[in-house]
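Just below is one structure, and these are the notes that go with it.
Owing to the predicted nature of the structure, the values given are computational and were not obtained by experimental measurement. Numbered from 1 within each chain, the chains take letters A, B, ... in sequence-line order.
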Protein chains: 2
Amino acid sequence: MSSESDTAEKMTAALRKAGIRVTRQRIALLGVLAEATDHPDAVELHERAKTVEPSVSLATVYRTLSVLEEQGVVHRHSFEGGGARFETTHEEHHDHILDVDTGEVIEFQSDKIEQLQDEIARELGYEVVHHRLELYCRKKT
Amino acid sequence: MSSESDTAEKMTAALRKAGIRVTRQRIALLGVLAEATDHPDAVELHERAKTVEPSVSLATVYRTLSVLEEQGVVHRHSFEGGGARFETTHEEHHDHILDVDTGEVIEFQSDKIEQLQDEIARELGYEVVHHRLELYCRKKT
DNA sequence: AATGAATATGAGAACTATTCACAACTGTAA
DNA sequence: TTACAGTTGTGAATAGTTCTCATATTCATT
């Protein structure tokens, strides 16, 4: 199991390797991303980053998130309602259950579904580049 | 197999039954929705509706689409990139493949995937209210 | 056909999430 | 330490959608 600082360092290394500058603002954002266990949006990440590096602007948060997404170190999700939400890619691939009452996000993973997706695409002459699977659920009574 | 006017009439009936007024603008929109075989967005639906009823405004298109969604006669999709796109609910439930190169939308249906989704949710103490499954694909070479 | 009351409409302002333009600043390789 | 390309904050701009409000329309009742 890797620590938050491990995760942040790995992301930093990925940036350096790609010739992308590691600025104070980016360090702050990488830090909050690494320690986030939820799926925060850009405004929330901005709030958190400001406690570390008060100068960070929201525009920079957005710009940096796009850079990080391009570098493959964060994933952007667009769940129903509200803006995009982010998480680091240091975990295994997974999809999401959204609790429609509480807004809670639960991660799950199903090889079978992934396989079926590939099969369906293949039969239609396609290959899956990426997918989006979200289950909007309610707690069973 | 039902005709476009059947579909439009069913939608009209649903509105009447719910005590919702059937206006010229709504008739125009229901018409274009019924005959659409693609997945148009609000602006596109507005264009099409204007050819039938020139007075329709974009605001009314949006308002009516929300009403129709509440009444369960249209589905709203938020595919990656761009705004919401709509289709009538007169077909069987299905999910979508999006061709990442051409933007083409292909419909597919998989009972197995649906079952697996229910299973996964159930194991975690949830029941699926609705889901979103989109495969972003590229044509196989 | 006329009435009336609630509902729907068009126009444009407002709003939300995000990106852009640009002048000033800063990380990094030399 | 310098040089310069990449990055930043600010505020303006954009896209998609919803809201406000005065006017117009639908439709059940007469």
C/dT9 phosphate, OP1 or OP2, under 4.0 Å from B/T23 side-chain N/O: yes
Cluster check A/L116, A/I97: I/L/V/M/F/W/Y, side chain < 4.5 angstrom: yes
Audit row: B/H94, B/H75, ring pair (Phe, Tyr, Trp, His ring centres under 6.0 Å) steps and yes/no: CA-CA 11 Å; B/H94 57 256; B/H75 277 145; 7.9 Å; no
B/S/- contact track for nucleotides 14-25 of chain C, protein heavy atom under 4.0 Å: ---SSBBB----
Touch class at under 4.0 angstrom, heavy-atom based, for A/S57 against every strand present: base
Donor-acceptor pairs are to be reported for all side-chain atoms of residues 39-46 of chain B against protein atoms at under 3.5 Å, with residues two or more places apart or in another chain.
from	atom 1	to	atom 2	distance (Å)
B/H39	NE2	B/E87	OE1	3.1
B/H39	NE2	B/H96	NE2	3.3
B/H39	NE2	B/E107	OE2	3.1
B/D41	OD1	B/V43	N	3.3
B/D41	OD1	B/E44	N	2.8
B/E44	OE2	B/R48	NE	2.8
B/E44	OE2	B/R48	NH2	3.3
B/H46	NE2	B/V56	O	2.9
B/H46	NE2	B/L58	N	3.4

For chain B, the stretch of DNA chain D it reaches, first to last nucleotide, under 4.0 Å of its heavy atoms: D/dG16 to D/dC27
Pairing residues for B/K140 by the side-chain contact (heavy atoms from CB on, under 4.5 Å) criterion, not counting sequence neighbours: A/R122, A/E127
Rounded interatomic separation in angstrom, taking NE2 from B/H46 and P from C/dT9: 12 Å
side-chain N/O B/T60 vs C/dA8 OP1/OP2, d < 4.0 Å: no
Steps toward side-chain hydrogen bond (donor to acceptor under 3.5 Å, both in side chains) verdict (B/E134, B/H77): CA-CA 10 Å; B/E134 294 153 19; B/H77 301 293; 5.6 Å; no
Residues A/D101 and A/R138 bridged, charged N to O under 4.0 Å: yes
Presence of B/Q25 side-chain N/O under 4.0 Å of C/dG10 phosphate oxygens OP1/OP2: yes
Could you pull out every donor-acceptor pair under 3.5 Å between side chains of residues 11-18 of chain B and any protein atom, sequence neighbours left out?
from	atom 1	to	atom 2	distance (Å)
B/T12	OG1	B/A8	O	2.8

Donor on one side chain, acceptor on other, B/R63 and B/S66, under 3.5 Å: no
Distance-only donor-acceptor test (3.5 Å): side chain B/R26, base C/dA8: no
Within one Ile-Leu-Val-Met-Phe-Trp-Tyr cluster: B/F86 and B/I27, side-chain cutoff 4.5 Å: yes
Difference in axis direction between the ends of the helix from C/dA1-D/dT30 to C/dA30-D/dT1, five pairs, 10°: 30°
Whole-Å gap separating C1' (C/dT28) and CG (A/L15): 14 Å
